Number of protein chains: 2
Amino acid sequence: MSVTIKDVAKAANVAPSTVSRVIANNPRISERTKVKVREAMELLGYHPNFIARSLANQATQVIGLVTPGSSDVFFQNPFFPTVLRGLNEGAHEHQYALQLVTGKSEDDIYNGVVQMVQGGRVDGVVLLYSKVEDRIVSYLQERNFPFVMIGKPYKMADSITHVDNDNVRAGFDATEFLIGMGHERIAYVGGDKQLVVTVERLQGYKDALQKAGIPYRDDYTVHESFLLEGGKDAICALMELPEQDRPTALLVTDDLMSLGVLNTLSELDMSVPEDISIISFNNVLFSEMSRPPLTSVDINIFQLGYEASKQLINCVENKDVPYHRITVPHKIVKRFSTEYTKK
Amino acid sequence: MSVTIKDVAKAANVAPSTVSRVIANNPRISERTKVKVREAMELLGYHPNFIARSLANQATQVIGLVTPGSSDVFFQNPFFPTVLRGLNEGAHEHQYALQLVTGKSEDDIYNGVVQMVQGGRVDGVVLLYSKVEDRIVSYLQERNFPFVMIGKPYKMADSITHVDNDNVRAGFDATEFLIGMGHERIAYVGGDKQLVVTVERLQGYKDALQKAGIPYRDDYTVHESFLLEGGKDAICALMELPEQDRPTALLVTDDLMSLGVLNTLSELDMSVPEDISIISFNNVLFSEMSRPPLTSVDINIFQLGYEASKQLINCVENKDVPYHRITVPHKIVKRFSTEYTKK
DNA sequence: TTGTACGCGTTATCAT
DNA sequence: ATGATAACGCGTACAA
């Protein structure tokens, strides 16, 4: 059995409640007894029991982290560790711990969340972007339980606190970047159409084309899963277009996808950026490790996580903070996969 | 306030203790009251409070996960998400949750662990391999607190339960694989010398050379940090050797490093596998996404995590399980970075 | 300024 | 088969 507040009390010749107050640094305790008690704590190697404290406080100082199914590609994407680092750092600064909820199936995850929440294991929840959250979101909203999302919610985006990039703008900027290099035949290679990011970046892409007076072509839009093999066929189709129709630049919405695209292009004997330019998204570690290193839109993944923690803790500690939307800035990191058109 | 066991008791016209027994499915409760109580629980939407339960049980059903400093490269390596998936799945099967401990500095982490442990937040701890654990390990050992390591401990490997590959054997197998392809000039590109894996795989490499009667050369051994840029100089040095001295194959102990090596080689206009073969380690997702796809020793990262959870839970639930060493098998996945020597 | 007593939601022991 | 009661370790009104 560990040393408890009572042991300390005895050793210091005070009541348990006094010890408790010393821990909380209650100003109504005399300096002299504070010192005395602290010495006793030190001597006995006392550490407060979080569980008991949580029970008394009705608060755990733990944040639940909900991720998409663990079998999902999600875990494989370097996005995950980075956002995790951010979350962790934000939580750490306020002495909160992070607890994971995952599962193989959607049901698994849902039940995990319910257990966490009803079981009082966590004070709040951060949802990592995915398409399956609907049930979870409504559940949390119903119970009025503190949560924030990373990424933009499907629905009711203006009643759910979330941390996100301005993805329309990001798509716009990336496209304009290519246009600025003289490209006019730009194709959009996006991820799952169900994902809000995909849709938003596409919107930005269209906006930029329109602004430049470049007509939008349906056959220049490709949607593939975030995994790599997926893209192959689509890319081939694009490259088999007659030369004057073939895109000179690609906007690819994820670095992982870009890697796949690079491989496919290499098999087709097209070189980047000589034959075709690529601008990518996310700027994870290996965007600089590919050949060639990718020009990528840095969406500040770490910050996304960091802000999410901060926001959530704010919601938890200050009852009834109003709805918030945090927009994390992006910026284009130029590397070697983009080049001016020859023409 | 949530609905408690007392509310259920009232609703079902029984004592709280009876409800508790129903939850535990105590056989000494009549079917009839079980049904009655369960109905009441359903009706009220009752969920047991984990915190209270933990306090009464002196057990939290939570596993603490200790990772190296979050600023570290560790998070960036795809090793992490995969092992996490494994850990999660193992924990999930036994209804355990995962809680993270990280920090920027070594002290941060150490304090985090102490808080977790003394604070009674977790029932056991899994240590992810790193070099800084010494203090933590001794702390845990002193307090006789359940923990398992992933990877091999520095010291006292035979008194610490750990889950690991047979890395000597893995190094041996990889080297023999290259030798079997006719290679004789094989260089070893390893990570940080402080890491046990690095040393063990090197040992296996030496063993294989010896068995084949190939003399070991000091200038064929390179140690670089797991990060990519690091390798560059060393690789260049190797490639600048006179042609008859230049290695025809490389054994690189991490896929991330291999990516860097591939890039360096490409800059030097050497092609893989035509000019030089590479066998890599870990077989993370992008070993098949590189150009060329890497032949890599699959160390079964998922399994590493999965077994670690299982082991830990075993330690936690059955007092005094003896020391255990779990060895997770590896296997070579052949792709396109290795080829028979021309000669 | 400090001590007393009760509550947080469960489980476990001891009765009945 | 079930109910009453005492822990579990801490926070906090209320009393002194």
Side-chain angles (χ1 to χ4, degrees), chain A residues 1-38 40-41 44-62 95 115-123 317, chain B residues 1-38 40-41 44-62 95 115-123 317:
Chain A
M1 200 69 53
S2 221
V3 28
T4 81
I5 213 171
K6 285 183 191 165
D7 303 322
V8 177
K10 258 177 220 154
N13 254 318
V14 293
S17 51
T18 304
V19 178
S20 175
R21 283 188 264 254
V22 172
I23 296 172
N25 207 1
N26 188 316
R28 304 188 319 192
I29 297 288
S30 74
E31 267 317 310
R32 215 159 49 89
T33 49
K34 272 189 189 172
V35 173
K36 192 171 59 178
V37 170
R38 287 200 183 111
M41 298 197 325
L44 301 179
Y46 169 78
H47 279 260
N49 181 312
F50 278 101
I51 303 301
R53 176 179 284 184
S54 299
L55 188 58
N57 281 340
Q58 301 286 73
T60 59
Q61 305 248 102
V62 176
Q95 324 265 45
Q115 282 216 351
M116 288 234 136
V117 170
Q118 312 256 22
R121 278 210 212 242
V122 298
D123 294 342
E317 297 191 339
Chain B
M1 202 70 52
S2 221
V3 29
T4 80
I5 213 171
K6 286 182 190 167
D7 303 322
V8 178
K10 258 176 220 155
N13 253 318
V14 293
S17 47
T18 305
V19 178
S20 176
R21 283 189 266 253
V22 172
I23 296 171
N25 206 2
N26 188 316
R28 305 187 318 193
I29 297 286
S30 74
E31 268 317 311
R32 215 160 49 90
T33 49
K34 272 188 188 173
V35 173
K36 192 173 59 178
V37 170
R38 287 202 183 108
M41 297 195 327
L44 301 179
Y46 168 78
H47 279 259
N49 181 312
F50 278 101
I51 303 300
R53 176 178 284 184
S54 298
L55 187 58
N57 281 340
Q58 302 284 71
T60 58
Q61 305 249 105
V62 175
Q95 324 265 44
Q115 282 215 351
M116 289 234 136
V117 171
Q118 313 256 21
R121 279 210 211 240
V122 297
D123 294 342
E317 297 191 340

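A quick note: this is a predicted structure, and the numbers were derived from the prediction, not measured. Residue numbers start from 1 in every chain, and the chains themselves are labelled A, B, ... in the order their sequence lines are given, proteins ahead of strands.
- Listed in residue order, the members of residues 6-14 of chain B having a heavy atom less than 4.0 Å from DNA chain D are B/N13, B/V14.
- In plain terms, the two heavy atoms of B/D123 and B/Q61 that are nearest each other are OD2-N, 2.8 Å.
- Each of B/N57 and B/S17 has a nearest nucleotide on DNA chain D; the 5'-most of these lies closest to B/S17.
- Within the 4.5 Å cutoff, the side chain of A/V22 has no heavy atoms near those of the A/T33 side chain.
- Regarding B/Q61, its CD atom lies at a distance of 14 Å from the C1' atom of C/dT10, rounded to whole Å.
- Residue A/T33 is the one, among A/T33 and B/N49, whose nearest nucleotide of DNA chain C lies closer to the 5' end (criterion: closest heavy atom).
- A donor-acceptor pair under 3.5 Å is absent between the side-chain atoms of A/N57 and the main chain of A/A59, judged by distance alone.
- Counting heavy atoms from C-beta on, the side chains of B/T4 and B/N49 never come closer than 4.5 Å.
- Backbone-only engagement by A/P48 is indicated by non-hydrogen atom pairs under 4.0 Å involving sugar-phosphate atoms exclusively.
- The side chain to side chain contact (heavy atoms under 4.5 Å, CB included) search around A/I5 returns A/P16, A/V19, A/S20, A/I23, A/Y46, not counting sequence neighbours.
- Look at A/Q58 and you'll find a side-chain N or O under 4.0 angstrom from OP1 or OP2 of C/dG9.
- Atom CG in B/L55 sits roughly 17 Å away from atom P in D/dA6 (whole-Å rounding).
- Of the residues in residues 19-31 of chain B, those placing a heavy atom less than 4.0 Å from an atom of DNA chain C are B/S20, B/R21, in numerical order.
- As judged by a 4.0 angstrom heavy-atom cut-off over every strand, B/F50 is placed among residues making no nucleic acid contact.
- The two residues B/G45 and B/V3 make their nearest non-hydrogen contact at O-CG1, 3.6 Å.
- In terms of heavy atoms, B/I51 sits closest to A/G120 at CG1-O, 3.3 Å.
- Of all heavy-atom pairs between B/D7 and B/S2, the closest is OD2-O, 4.1 Å.
- Atoms CD1 (A/I5) and C1' (D/dG11) sit 8 Å apart, rounded to a whole Å.
- Residue B/R53 contributes atom CZ, which lies 9 Å from atom C1' of C/dT11 at whole-angstrom precision.
- Residues A/N25 and A/K34 meet the side-chain proximity criterion, which asks for heavy atoms closer than 4.5 Å.
- Rounded to a whole Å, the CZ atom of B/R121 is 17 Å from the P atom of D/dG9.
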